[in-house]
Amino acid sequence: MSRASTLVRSARKSRSLTQVDLAEQTQVHQSNISDIEGGRDLSVSTLERLLRGTGHRLFALPIQKSDVTDAASAIRGLLKGGNTQGALRVLIQLNDNLVSEHGLRRGVLGISEPEPTGNQVWDAALAGLVAWRLTEENIPLPAWVDNPRFFLPRPRSLRIDSADPIPDAVDIPPEFARRGVLVWAETFESV
């Protein structure tokens, strides 16, 4: 899936617009919007037009690190294959990417709402990580991190190893605890 498709879908959803609503706003046929959100290439001018239709603007900032949408996609694939260790490595890499950037660059890595991983605990963990690391630098949080789908109805762990003890509340990063994700803060410390 292309980055442009993620941008269009995230911008549209952030304004609670349907594809039909966006088509009416931009005079781009709904089926074209569907194709674009499905990964079809598009011109920069069409991308800008669609984003304007959602009330957003396009700014380019070259960055080499993977963002939360890349992490969610990778985690989804790994979880489908039963590879929770690999999924955890992706989550830790996203943490490292966020920590290594500052200001706008850090914010860019967490701004786009990721597609579901297929597992609510991992979705909540992604939101918790982005909220935690952006809050550290007083970067405004993207609206998606407070969407109810990123909060668990009851606290749960990532279930990497059944022998792992559950952390005490003081050992859980606050943004993870708020979302009900029981994960050790030390998991994200640099080695």
Side-chain angles (χ1 to χ4, degrees), residues 1-61 63 66-77 79 91 94 97-98 103-135 137-156 174-181:
M1 190 172 310
S2 74
R3 297 237 183 225
S5 65
T6 302
L7 285 174
V8 171
R9 184 178 26 270
S10 293
R12 178 179 61 76
K13 286 182 175 183
S14 77
R15 298 291 195 240
S16 300
L17 297 172
T18 65
Q19 289 180 351
V20 171
D21 296 334
L22 185 55
E24 290 173 1
Q25 290 282 343
T26 61
Q27 303 304 306
V28 174
H29 197 276
Q30 182 274 325
S31 64
N32 289 339
I33 294 172
S34 178
D35 290 344
I36 289 165
E37 288 187 4
R40 188 186 88 199
D41 286 339
L42 72 158
S43 67
V44 172
S45 63
T46 301
L47 176 59
E48 288 177 328
R49 182 176 177 184
L50 291 170
L51 292 176
R52 274 194 314 273
T54 66
H56 291 87
R57 293 175 53 195
L58 177 65
F59 290 95
L61 179 66
I63 202 157
S66 295
D67 68 358
V68 68
T69 61
D70 295 330
S73 178
I75 289 170
R76 181 174 44 257
L79 292 177
L91 190 65
L94 176 61
N97 291 351
L98 287 163
L104 180 60
R105 287 182 171 279
R106 184 179 289 194
V108 165
L109 293 176
I111 199 162
S112 294
E113 181 174 347
E115 291 293 316
T117 63
N119 183 303
Q120 191 180 14
V121 178
W122 286 88
D123 291 341
L126 285 165
L129 181 59
V130 167
W132 180 32
R133 293 310 188 186
L134 268 54
T135 299
E137 287 210 344
N138 297 315
I139 298 169
L141 297 179
W144 70 265
V145 300
D146 286 323
N147 182 313
R149 90 169 173 95
F150 296 103
F151 290 82
L152 300 175
R154 61 180 174 74
R156 293 175 32 206
E175 292 292 345
F176 282 84
R178 196 164 85 84
R179 287 164 180 77
V181 180

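The structure displayed is predicted, hence computed values, not measured ones. If you read the sequence from its start, that first residue is 1, and numbering goes on from there.
The main-chain N or O of Asp67 is found under 3.5 Å from a side-chain atom of Asp70 such that the two form a donor-acceptor pair. Here the side chain of Arg76 pairs no donor or acceptor atom with the backbone of Gly118 at under 3.5 angstrom. No side-chain donor-acceptor contact under 3.5 Å links Asp35 to the backbone of Arg40.
In this structure, CG in Asn97 is found 10.0 Å from CG in Leu129, a value given to the nearest 0.5 Å. The line from OG1 of Thr135 to CD of Glu175 is 4.5 Å long, rounded to the nearest 0.5 Å. Rounding to the nearest 0.5 Å places CZ of Arg52 at 11.5 Å from CG of Leu22. Note that CG of Asp41 and OG1 of Thr46 are 11.5 Å apart. Values are rounded to the nearest 0.5 Å. Between atom CD of residue Gln19 and atom CG of residue Asn32 there is a gap of 10.5 Å, rounded to the nearest 0.5 Å. Note that the CG atom of Leu98 and the OG atom of Ser66 stand 11.0 Å from one another [nearest 0.5 Å].
Residues meeting the side-chain hydrogen bond (donor to acceptor under 3.5 Å, both in side chains) test with Thr54, sequence neighbours left out: His56. With sequence neighbours left out, the salt bridge (Lys or Arg N to Asp or Glu O under 4.0 Å) criterion links Glu137 to Arg106. Taking the salt bridge (Lys or Arg N to Asp or Glu O under 4.0 Å) definition, one finds that Arg149 meets it with Glu113, Asp123, sequence neighbours left out. Remark: Asn119 engages no residue in a side-chain hydrogen bond (donor to acceptor under 3.5 Å, both in side chains) (not counting sequence neighbours). Listed by chain and residue number, Arg178, Arg179 satisfy the salt bridge (Lys or Arg N to Asp or Glu O under 4.0 Å) test with Asp146 (two or more places apart in sequence, or in another chain).
Here the closest non-hydrogen pair linking Leu134 and Leu141 is CB-CD2, 3.7 Å. Nearest heavy atom pair, residue Ala124 against residue Val181, reads CB-CG2, 3.5 Å. The two residues Val145 and Phe151 come nearest to each other via the heavy atoms O-CE1, 3.7 Å. Closest approach of Ala72 and Thr117 over heavy atoms only: O-CG2, 3.8 Å. When all heavy atoms of Ala125 and Phe176 are compared, the closest pair comes out as O-CE2, 3.5 Å.
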Test side-chain contact (heavy atoms from CB on, under 4.5 Å) on Leu109 and Val68 and set out the steps. CA-CA 6 Å; Leu109 293 176; Val68 68; over 6 Å; no
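Taking the side chain as every heavy atom from C-beta outward, Ser112 and Trp144 never approach each other to under 4.5 Å.
Pairs passing the salt bridge (charged side-chain N to carboxylate O under 4.0 Å, His left out) check and including a residue from residues 11-25, sequence neighbours excluded, read Arg12-Glu37.
In Ile111, the CD1 atom is not crowded: 12 or fewer heavy atoms of neighbouring residues, nucleotides or ligands sit closer than 6.0 Å.
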